[in-house]
Amino acid sequence: MKINKRFTYTIIAIIFGVLIGSLILIINNINPIKAYKVIFLGAFGKPKYVSWVIVRSVPYILTGLSVAFAFQTGLFNIGAEGQFIVGSIGALVSGLLLNLPPVLHAIVALIVGTLCGSLWGAIVGYLKSNHNVNEVISSIMFNWIGFYLLNYSLTFPSLRSIESDNSYTIKASASIRFLGEWKKSQAGRAFLSHNKILRDVLNPPVNWGIIIAIVCAIVIWYILKKTTLGYELKSVGFNADAAEYAGINIKSSIIKSMAISGALAGLAGAIMVLGVNHHIGKLASMENYGFDGMAVALIAGNAPLGVIPAALLFSGLNYGGAKLTTIGTYSEVVKIVIGIIIIFISMPKLFDILKQKFKNNSKVINKPQKEVEKNE
């Protein structure tokens, strides 16, 4: 019942977001039906667009999982952005400097990136558990530490390409792109030239990240719902005093929770380096994957499996919304719609109040009619 209620409220929130977004479009003399058609077709109108939506959804799934997992255990991980960044650094260093055979190299680079993100999250957990430092404050600060750490890492000649502010490209053996080398080969180009649909599907940097992300969502759901570890972590989040009385190590649980949360965000950064960009650049501002993950987690109601459709929706709106410029409006309208959706999702109590008020009004209206029928 609780899941159905949450799903209903999410759908209502999306409808409100679309309606208010329509009013904003009308005020700017833009036909909302035309605008939403552009967004939809811009995200799902061609096989190439669908591939891009899926590729771009992967970091949203993992950072959304990161935030949702922490929230389920009573913690607010605002540091997924920093964990994402250090995960990308770890994957870059191992993908660029290590000499390993294909597949093994990619696996090692993914593990290193995941461990870097896990360490970044564990530090926040340690500060919370042992020194009572609020995780919101410390995780925000660690975002900036990760941000400048990335910029600093690109001052090393072994990482930074002389010709740009970007790093060197990772070695081909560390790539997790699907058929990446085959697409570049003469046989691959010849085959794809005769198959337009497959060429369009494989044209974006399609990689194994989506499979990894889905597996992670299932694993996190299983941990939270079916394991002793999940029970302990959630117990600490619900009531730390009661959990401690039951013999659960509170400090250890907080560190574990933040370490797992950080690992997910670090994995997202690793996948982006190994599967999409193949390099990282000096940041002028945050990438925002971690902060967008917070929005995805809210849309999903912090449900691990719900993060997958929420991330696909978020990715589709952003990718399709970028094409609004073709009809003379701004892609920022999509940001407004997403913001409104999140506002309504974050206050379910409002829907409960409106629902109760509607029921009370219905009783007042129907009561005289019932009394008339009774007298007759």
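All heavy atoms count here, side chains included; hydrogens, waters and symmetry mates do not.
Atom NZ in K46 sits 10.0 Å away from atom CG in L41 (nearest 0.5 Å). Of the inter-residue distances, the one linking N239 atom CG with E244 atom CD reads 10.5 Å to the nearest 0.5 angstrom. Going from atom CE of M272 over to atom CG of N207 covers 8.5 Å, rounded to the nearest 0.5 Å. Distance check: T63 OG1 to L264 CG gives 9.5 Å after rounding to the nearest 0.5 Å. Residue I220 holds its CD1 atom at 10.5 Å from CG of L305, rounded to the nearest 0.5 Å. To the nearest 0.5 Å, the span separating CG on L92 from CG on N277 amounts to 10.5 Å.
N77 and Q83 form a side-chain donor-acceptor contact under 3.5 Å, judged by distance and modelled atom types alone. Between the side chains of K171 and N99, at least one donor N or O lies within less than 3.5 Å of an accepting N or O.
Taking the side chain as every heavy atom from C-beta outward, I170 and H279 never approach each other to under 4.5 Å. Counting heavy atoms from C-beta outward, T73 and V236 have side chains that stay 4.5 Å or more apart. Side-chain contact check for I299 versus V296: every heavy-atom pair is 4.5 Å or farther apart. Counting heavy atoms from C-beta outward, L65 and C216 have side chains that approach closer than 4.5 Å. When side chains are defined from C-beta on, K128 counts as touching L75, because their heavy atoms get closer than 4.5 Å. At a threshold of 4.5 Å between non-hydrogen side-chain atoms, the residues L100 and V108 count as touching. The shortest side-chain heavy-atom distance between L96 and L159 falls under the 4.5 Å cut-off.
Under a 3.5 Å cut-off, the side chain of S139 and the backbone N or O of V136 do form a donor-acceptor pair. No donor-acceptor distance shorter than 3.5 angstrom exists from the side chain of S161 to the backbone of S167, with no hydrogens or angles considered. The backbone N or O of L233 sits nowhere less than 3.5 Å from a side-chain atom of K256 that would complete a donor-acceptor pair. Remark: side-chain polar atoms of S118 are not paired, donor with acceptor, to backbone N or O of L115 under 3.5 angstrom. Of the possible polar contacts, none joining the N302 side chain to the A300 backbone as a donor-acceptor pair under 3.5 Å is found. The backbone N or O of H105 lies less than 3.5 Å from no partner atom in the side chain of S173, so there is not a single donor-acceptor pair. Distance alone, capped at 3.5 Å, places no donor-acceptor pair between the S257 side chain and the S253 backbone. Of the possible donor and acceptor atoms, one in the side chain of S66 sits under 3.5 Å from a partner among the backbone N and O of S261. Looking at S88, its side chain does come within 3.5 Å of a backbone N or O of I85 through a donor-acceptor pair. Side-chain atoms of Y126 never come within 3.5 Å of backbone atoms of G121 as a donor-acceptor pair (strictly under, hydrogens ignored).
More than 12 heavy atoms of other residues, nucleotides or ligands lie within 6.0 Å of NZ in K323, so this atom counts as buried by the packing criterion. Atom CD1 of I33 has 12 or fewer heavy atoms from other residues, nucleotides or ligands within 6.0 Å.
Using cut-offs of 30° and 60° on the angle between ring planes, the pair Y60 and Y289 is tilted.
A pairwise comparison of heavy atoms in G113 and A270 identifies CA-CB, 4.1 Å as the closest pair. Across every non-hydrogen atom of L127 and S138, the tightest pair is CD1-CB, 4.3 Å. In terms of heavy atoms, W120 sits closest to G146 at CZ2-N, 3.8 Å. Of all heavy-atom pairs spanning Q72 and P304, the tightest one is NE2-CD, 4.1 Å. In plain terms, the two heavy atoms of A243 and I250 that are nearest each other are CB-CD1, 4.0 Å. Across every non-hydrogen atom of A80 and V67, the tightest pair is CB-CG2, 4.3 Å.
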Name each donor-acceptor pair under 3.5 Å that joins a side chain in residues 308-318 to protein atoms two or more places apart or in another chain, with its distance.
unit_1: S315; atom_1: OG; unit_2: V53; atom_2: O; d: 2.7
unit_1: N318; atom_1: OD1; unit_2: K335; atom_2: NZ; d: 3.1
unit_1: N318; atom_1: ND2; unit_2: F314; atom_2: O; d: 3.1

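In summary, the aromatic rings of Y49 and F44 are positioned with their centroids too far apart to meet the 6.0 Å limit.
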Task: Intermediate values then yes/no, side chain to side chain contact (heavy atoms under 4.5 Å, CB included), I61 and I210 - done: CA-CA 9 Å; I61 293 173; I210 185 64; 3.9 Å; yes

- [ ] Show your reasoning for whether side chain to side chain contact (heavy atoms under 4.5 Å, CB included) applies to K251 and N130.
- [x] CA-CA 7 Å; K251 293 182 179 180; N130 288 273; 3.8 Å; yes

TODO: Apply the test side chain to side chain contact (heavy atoms under 4.5 Å, CB included) to residues I271 and V276: give CA-CA distance (whole Å), side-chain angles for both, the deciding distance (0.1 Å), then the verdict.
DONE: CA-CA 7 Å; I271 287 174; V276 181; 5.5 Å; no

- [ ] For the pair Y168 and I162, evaluate side chain to side chain contact (heavy atoms under 4.5 Å, CB included) and give the outcome as yes or no after the intermediate values.
- [x] CA-CA 9 Å; Y168 289 110; I162 301 173; 4.0 Å; yes

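The hydrophobic cluster containing V55 also contains I211, counting ILVMFWY residues as joined when their side-chain heavy atoms lie under 4.5 angstrom apart, directly or transitively. In the hydrophobic clustering of ILVMFWY residues, with side-chain heavy atoms under 4.5 Å counting as a link, V93 and L119 come out together. Note: the hydrophobic cluster containing I107 does not contain L98 (ILVMFWY, side chain heavy atoms under 4.5 Å, direct or indirect links). Residues L104 and I212 do not share a hydrophobic cluster, clusters being chains of Ile/Leu/Val/Met/Phe/Trp/Tyr side chains in contact below 4.5 Å. A single hydrophobic cluster is not seen to contain both I39 and I27; linkage of ILVMFWY side chains at heavy-atom distances under 4.5 Å, directly or through other members, places them apart.
Residue pairs meeting the ring-ring contact (aromatic ring centres under 6.0 Å, His included) criterion with at least one member in residues 214-238: none, sequence neighbours excluded.
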